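Here is the structure we will look at, set down as structure tokens.
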Number of protein chains: 2
Amino acid sequence: MARRTAYHHGDLRKALVDTGLSMLEELGLEELSLRKIAARVGVSHAAPEHHFPSLRHLLNALAVEGFGSFRQSMLSHMQAQPKLPADQMRAALRGYLAFATEKPHLFRLMFNRNRLDWQDPALCEAGEAAHAVLEEISLPVARRMGLDTPEGRASVEQLVWSQIHGHAHLLIDGKLPPEVATGCKPFAAPLDLASVLLPD
Amino acid sequence: MARRTAYHHGDLRKALVDTGLSMLEELGLEELSLRKIAARVGVSHAAPEHHFPSLRHLLNALAVEGFGSFRQSMLSHMQAQPKLPADQMRAALRGYLAFATEKPHLFRLMFNRNRLDWQDPALCEAGEAAHAVLEEISLPVARRMGLDTPEGRASVEQLVWSQIHGHAHLLIDGKLPPEVATGCKPFAAPLDLASVLLPD
DNA sequence: ATTCTCATCTTGGCGGTGACAAGATTGAGC
DNA sequence: GCTCAATCTTGTCACCGCCAAGATGAGAAT
């Protein structure tokens, strides 16, 4: 697999994805180009084409990686918290925000309908795996709220997802004062959705 | 002002903005180009340059128009509803969603930090005018919730804005089932934030 | 009325981009 | 050792935003 010579790179696909991820955060989506990535990797401008037939394919691969890290960010925050519904929800949402603020350009790409191809099964799978975390934290909350029906679960999940997704977007677009890391409490503001839905 | 000849267009600036707005929804932001707009308007590829020194300036002008329509969408929905806090909030949020679903590409542009120049006073003013509507609907809700302090008002507004902003983004990115127009009740789902914050 | 001035628009050209075509290189299977 | 297919290179195309230089003509100055 690792047959690297002056001519053959060895593992160009991985190199393109890794370099693409770091250049995405460095330059932003609009300034990112296949040719710049190829240049930094040290191959010719047409070399990526064999691995990614079009720019869209490479962006898809970046988004797949992104959804993996995204899911991990939520899960690792949850692991450090008590296994109570409200705490788990707060932790997951903090992981959501942490990822968005650490990789804002990647986060935006992952939800950019115009630049990604959601027909791609790999992207669908990665996206659904991340989505499953939201379902997981919404279920016990819906149960506590007495909304333990399919519609009830869906509405709680939709409300929670909307709120945190909007919060993330507004944050990285500079519309809200920057987040402060406040340990357990996920919001500097006195109001957070978990507390509103599940008052003690 | 309207000195139109074969050589001089007459009101090229307005024509570029109007054509730009319709081509934006038609083609999407990534496929929109100054040269395509100029071609449709019927001028040479460099004609826009005098009115908009760069593409960024034109996009700014489109966003300014967008924030105007956005504000109007919220206000007109509010006007058709009883002047009660929860009703006014539901109406404004429905206007928020209506704009986003009717002009998804414009909506995305208006919150695209990379493509706009928020140093532009015209854009700031238009954005703040739209934002003021959110403050207006959040104030009475915060009051009813017993959060009538600057921090309390800010947190209610932030929670409401995040929720509806995320809902709008998820909708136009195809992550939620499409909205149905349901008259007064703003959500098909049984849960909406106004009802959660202000239970009867 | 004639001339002048300058905003407006045109043509031409630059470097950069994604995509495509054709040819060079090389590892792996026979 | 030969062949072959995967991989990478060079070259080219149309399109893009932006810049420079020149053409046009409306309104002010005379």
Side-chain angles (χ1 to χ4, degrees), chain A residues 1-21 23-24 26-63 105 109 112 114-117 119-120, chain B residues 1-21 23-24 26-63 105 109 112-117 120:
Chain A
M1 181 66 74
R3 55 223 171 175
R4 53 169 56 249
T5 61
Y7 204 91
H8 288 308
H9 178 278
D11 198 353
L12 183 55
R13 187 190 162 90
K14 180 173 182 344
L16 290 171
V17 170
D18 291 347
T19 306
L21 282 171
M23 290 186 80
L24 174 59
E26 190 177 323
L27 305 175
L29 180 55
E30 355 287 327
E31 288 303 313
L32 189 68
S33 78
L34 273 176
R35 290 167 105 108
K36 284 178 188 167
I37 299 175
R40 182 170 298 189
V41 168
V43 294
S44 77
H45 67 262
E49 201 159 315
H50 184 83
H51 304 277
F52 301 103
S54 80
L55 175 59
R56 183 174 294 265
H57 289 83
L58 174 58
L59 295 182
N60 255 50
L62 299 186
H105 288 103
L109 171 63
N112 188 328
N114 301 326
R115 307 296 295 259
L116 298 180
D117 174 20
Q119 307 285 41
D120 177 3
Chain B
M1 181 66 73
R3 53 224 171 173
R4 54 169 54 251
T5 62
Y7 205 91
H8 288 307
H9 178 279
D11 198 354
L12 183 54
R13 186 189 163 91
K14 181 173 181 343
L16 290 171
V17 170
D18 291 347
T19 307
L21 283 172
M23 290 185 80
L24 174 59
E26 191 177 323
L27 305 175
L29 180 55
E30 353 288 326
E31 288 303 313
L32 189 68
S33 78
L34 273 177
R35 290 165 104 109
K36 284 178 189 169
I37 299 175
R40 182 170 298 187
V41 169
V43 294
S44 75
H45 67 262
E49 201 160 316
H50 184 84
H51 304 276
F52 302 103
S54 80
L55 175 58
R56 182 175 296 266
H57 289 83
L58 174 57
L59 295 182
N60 256 51
L62 299 187
H105 289 103
L109 171 62
N112 188 327
R113 196 181 198 177
N114 301 325
R115 307 296 295 260
L116 297 181
D117 173 20
D120 177 2

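A note on names: the letters A, B, ... follow the listed sequences, proteins ahead of strands, and every chain is numbered from 1. Note that the structure is a prediction, hence the values are computed from the model and not measured.
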What is the distance, to the nearest angstrom, from the [atom1] atom on [X] to the [atom2] atom on [N]?
| X | N | atom1 | atom2 | value |
| --- | --- | --- | --- | --- |
| B:L16 | C:dC9 | CG | C1' | 12 Å |
| A:L29 | C:dG18 | CG | C1' | 14 Å |
| A:E31 | C:dG18 | CD | P | 11 Å |
| B:H50 | D:dA23 | NE2 | C1' | 16 Å |
| A:D11 | D:dT7 | CG | P | 10 Å |
| A:L12 | D:dT9 | CG | P | 8 Å |

Please report, to 0.1 Å, the donor-acceptor pairs under 3.5 Å made by any side chain of residues 41-52 of chain B, with sequence neighbours excluded.
none

How long is the gap from CG on A:L116 to CG on A:L109, to the nearest 0.5 Å?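 That separation rounds to 4.5 Å.
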
If an axis is fit to five pairs at each end of the helix from C:dA1-D:dT30 to C:dC30-D:dG1, what is the angle between the two, to the nearest 10°?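 Inter-axis angle at the ends, rounded: 0°.
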
Restricting to salt bridge (Lys or Arg N to Asp or Glu O under 4.0 Å), what partner residues turn up for B:R40, sequence neighbours left out?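 By the salt bridge (Lys or Arg N to Asp or Glu O under 4.0 Å) rule, B:R40 matches B:E26.
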
Sequence-distant partners of [X], side chain to side chain donor-acceptor pair (under 3.5 Å), two or more places apart:
| X | answer |
| --- | --- |
| B:D120 | B:N60 |
| A:S54 | A:H57 |
| A:D117 | none |

Test side chain to side chain contact (heavy atoms under 4.5 Å, CB included) applied to A:K14 - qualifying residues, sequence neighbours left out: A:D11, A:D18

Side chain to side chain contact (heavy atoms under 4.5 Å, CB included) involving B:L55 - partner list, sequence neighbours excluded: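 Here the qualifying residues are B:L34, B:L59, B:R115.
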
Kindly give the atom pairs (protein nitrogen or oxygen, nucleotide nitrogen or oxygen) under 3.5 Å for nucleotides 17-20 of chain D.
unit_1	atom_1	unit_2	atom_2	d
D:dG17	OP1	B:L34	N	2.8
D:dG17	OP2	B:L34	N	3.3
D:dG17	OP2	B:R35	N	3.3
D:dG17	N7	B:R35	NH1	2.5
D:dG17	O6	B:R35	NH1	3.1
D:dC18	OP2	B:L55	N	2.7
D:dC18	N4	B:R35	NH1	3.1

